[in-house]
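Okay, structure first, notes after.
Throughout, a chain's letter reflects where its sequence line sits, starting with A, and its residues are numbered from 1.
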2 protein chains.
Amino acid sequence: MPAASSERIAARDPVTSARVLDGALTLFAERGYHGTALSEIAGALGVRTPSLYNHMRSKHDLLEAIIDATTAGVLEDFHAVRDAGGDPADVLFRAARVYAYRHATHRREALVVNRDTSSLDEPVRSSMQARRREHEHALRAVIAAGVEQGVFVVDSPALASFAIRELCVSIARWFSEDGPLTADQVADQYAGFALRIVGVQPTSTAS
Amino acid sequence: MPAASSERIAARDPVTSARVLDGALTLFAERGYHGTALSEIAGALGVRTPSLYNHMRSKHDLLEAIIDATTAGVLEDFHAVRDAGGDPADVLFRAARVYAYRHATHRREALVVNRDTSSLDEPVRSSMQARRREHEHALRAVIAAGVEQGVFVVDSPALASFAIRELCVSIARWFSEDGPLTADQVADQYAGFALRIVGVQPTSTAS
DNA sequence: CCCCTCAACTAACGCTAGTTAGTCACCGTA
DNA sequence: TACGGTGACTAACTAGCGTTAGTTGAGGGG
């Protein structure tokens with residue numbers, strides 16, 4: 001009767017740096033970086049705290065790794081979408097869609113980035129915030145282009161791009177894989193919201 | 001030469017419980033509850049850490065006070081708006097407007113509520129989350145009513161109400177009193193976005 | 001003029017955090 | 001079978017946290 005391997009589900013697979021990162025991700029997303037102790041991450045992996053140091057350099061490094069990978073991925077997504085071309089409505093739809101999709105499929109990463117980027121220390125924090133700004137400005141440029149062409153109607157492209165970005169970000173705060181809607185469906189709906197915000201009524205609202 | 005009273009600006013006014021709460025609010029919003037030490041709050045007030053206990057019961061109490069007052073205020077706002085009557089588009093506009101306005105004028109409170117409600121302990125946390133759900137459901141009911149009357153067009157009232165609420169919440173993350181737009185202007189714009197999300201093109205988009 | 005209160009202080013406590021050092025068992029390979 | 005490396009462990013350290021105790025000085029009312 002091997003009773004107590006029930007601490008968390010996968011307690012006795014080999015511990016790797018990937019699994020440490022994943023455990024940190026889950027707990028950082030749940031309780032925040034400062035609210036999570038290494039002992040909790042260790043406990044989730046069925047291991048004592050110092051053993052973590054065989055697979056990571058420091059707690060802070062885990063945070064950096066998570067935020068670095070995630071912000072880089074966001075920009076990558078966006079550039080792929082923009083380079084595929086199309087008119088502003090197409091680009092905005094696809095940019096919002098991929099951003100929304102990411103926040104449904106990578107909830108934990110998104111929560112950590114949005115909550116704990118401010119806990120990075122200095123050279124890194126600024127460069128992560130610069131990535132966020134780059135995405136922000138790029139999206140704003142798409143909206144401004146649409147306004148110039150007369151297909152979008154907004155008073156302030158900056159305001160609209162804030163709204164659309166944060167709209168997508170918020171998906172991470174409620175989405176569940178077990179819910180009634182798939183990530184794809186939610187992403188489609190939210191991309192539709194994005195178009196509505198800039199004054200475009202999408203041709204089809206049916207599912 | 002009384003050199004060093006430059007720690008923060010208002011260092012030598014009498015310390016009151018209101019000022020302690022305000023200092024905590026600022027720092028919790030900046031660094032998060034777990035990321036803020038009492039010594040930092042004390043330092044901002046020009047006082048040693050234990051002196052804070054003349055004006056508060058515990059660090060945790062500060063958090064509770066902030067979140068309790070804020071969530072109560074949100075519901076109060078909403079009920080006032082709903083009780084004023086009107087058709088669903090009117091109610092939705094005004095509900096979004098007041099919610100957005102609050103997030104522009106009470107940024108710090110909003111940031112703390114959204115980041116650190118999970119750090120409350122148990123009887124209180126659930127009741128604060130219940131308040132959030134109450135607001136959520138009430139807003140959803142307004143949208144559902146609009147859909148039934150055929151003035152709103154959305155696939156899922158739940159999705160739309162999530163979107164609108166989080167849209168307003170996000171204002172706290174970028175708004176600045178020194179920016180180009182006043183809280184009133186931002187609230188108007190965002191309330192317009194809310195109507196667009198549910199498929200209503202507002203009659204006037206001009207400022 | 002004394003005394004009481006209020007709010008600041010210093011000192012210290014208990015605890016927990018992140019991290020390091022040093023040890024030991026296992027396991028694949030020579 | 002001996003060996004080397006990998007990765008777990010225990011023990012321990014330092015630093016910082018929130019909090020309490022006890023003290024001191026200033027201000028106001030009898």
Side-chain angles (χ1 to χ4, degrees), chain A residues 2 4-5 7-8 10-28 30-67 112 115-116 118-121 124, chain B residues 2 4-5 7-8 10-28 30-67 112 115-116 118-121 124:
Chain A
S5 77
E7 185 84 64
R8 287 289 200 279
R12 278 303 156 188
D13 305 306
V15 176
T16 64
S17 51
R19 288 190 65 220
V20 171
L21 201 66
D22 189 76
L25 193 47
T26 299
L27 287 163
F28 288 175
E30 241 172 57
R31 325 193 206 284
Y33 174 70
H34 286 298
T36 303
L38 286 184
S39 61
E40 297 174 305
I41 301 176
L45 295 164
V47 140
R48 304 275 180 198
T49 309
S51 302
L52 295 178
Y53 284 85
N54 291 318
H55 308 284
M56 64 172 206
R57 289 227 309 280
S58 71
K59 187 192 181 189
H60 208 84
D61 252 36
L62 294 174
L63 184 64
E64 265 191 44
I66 291 168
I67 295 180
V112 173
R115 181 180 200 165
D116 290 315
S118 59
S119 297
L120 293 172
D121 35 37
V124 185
Chain B
S5 78
E7 185 84 66
R8 286 290 199 280
R12 280 303 156 187
D13 305 305
V15 175
T16 64
S17 50
R19 287 190 65 218
V20 171
L21 201 67
D22 188 77
L25 193 47
T26 298
L27 287 163
F28 289 174
E30 240 171 58
R31 324 193 206 282
Y33 174 70
H34 287 299
T36 302
L38 285 184
S39 61
E40 298 174 304
I41 301 175
L45 294 165
V47 142
R48 304 278 179 195
T49 310
S51 302
L52 295 178
Y53 284 85
N54 291 318
H55 308 284
M56 64 175 204
R57 288 229 307 280
S58 71
K59 187 192 182 191
H60 208 85
D61 252 35
L62 294 175
L63 184 64
E64 266 191 41
I66 291 167
I67 296 181
V112 172
R115 181 181 200 163
D116 290 316
S118 59
S119 297
L120 293 172
D121 35 36
V124 186

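Of all nucleotides listed (D:dG7, C:dG18, C:dA7), C:dA7 comes nearest to the side chain of B:His55. Considering only the side chain of A:Ala37, C:dA17 comes nearest among D:dT19, C:dA17, D:dC9. If you check D:dA8, D:dG18, C:dA17 against the side chain of A:Val15, the one that comes closest is D:dA8. Nearest to the side chain of B:Tyr53, among C:dT19, D:dT20, C:dA17, sits D:dT20. Taking every side-chain heavy atom of A:Pro50 into account, C:dT20 is the closest of C:dC9, C:dT20, D:dT19.
Here the C1' atom of nucleotide C:dC24 and the CZ atom of A:Arg48 are 16 Å apart, to the nearest Å. The distance between atom CG of B:Asn54 and atom P of C:dA8, rounded to the nearest whole Å, is 6 Å. Remark: P of D:dC17 and NE2 of B:His60 are 18 Å apart, rounded to the nearest angstrom. The separation between A:Ile41 atom CD1 and C:dA17 atom C1' is 12 Å, rounded to whole Å. Here D:dG18 presents its P atom at 13 Å from CG of B:Leu63, a figure rounded to the nearest Å. Rounding to whole angstrom units, CG of residue A:Leu38 and P of C:dA17 are separated by 9 Å. Put simply, CG on A:Leu52 is 14 Å from P on D:dT10, counting in whole angstrom units. Separating the CZ atom of A:Arg31 from the C1' atom of C:dA17 is a distance of 15 Å, rounded to the nearest angstrom.
Using a 4.0 Å heavy-atom cutoff across all strands shown, B:Thr36 reaches sugar-phosphate atoms only and no base atom. Base contact: A:Thr49 has a heavy atom under 4.0 Å from a base atom. No engagement by B:Thr16 is indicated, since no non-hydrogen atom pair under 4.0 Å with the nucleic acid exists.
Heavy-atom minimum distance, B:Thr36 versus B:Lys59: O-NZ, 2.8 Å.
Under the 4.5 Å side-chain criterion, counting only non-hydrogen atoms from C-beta, A:Arg31 is in contact with A:Glu40. The shortest side-chain heavy-atom distance between B:Leu38 and B:Met56 falls under the 4.5 Å cut-off. Looking at B:Arg115 and A:Asp116, their side chains come closer than 4.5 Å, going by heavy atoms from C-beta outward.
OP1 and OP2 of C:dA7 both lie 4.0 Å or more from every side-chain N or O belonging to B:Ser51.
Results of the side-chain contact (heavy atoms from CB on, under 4.5 Å) test with A:Tyr33 over A:Ile66, A:Ile67, A:Leu63 single out A:Leu63 as the only residue that passes.
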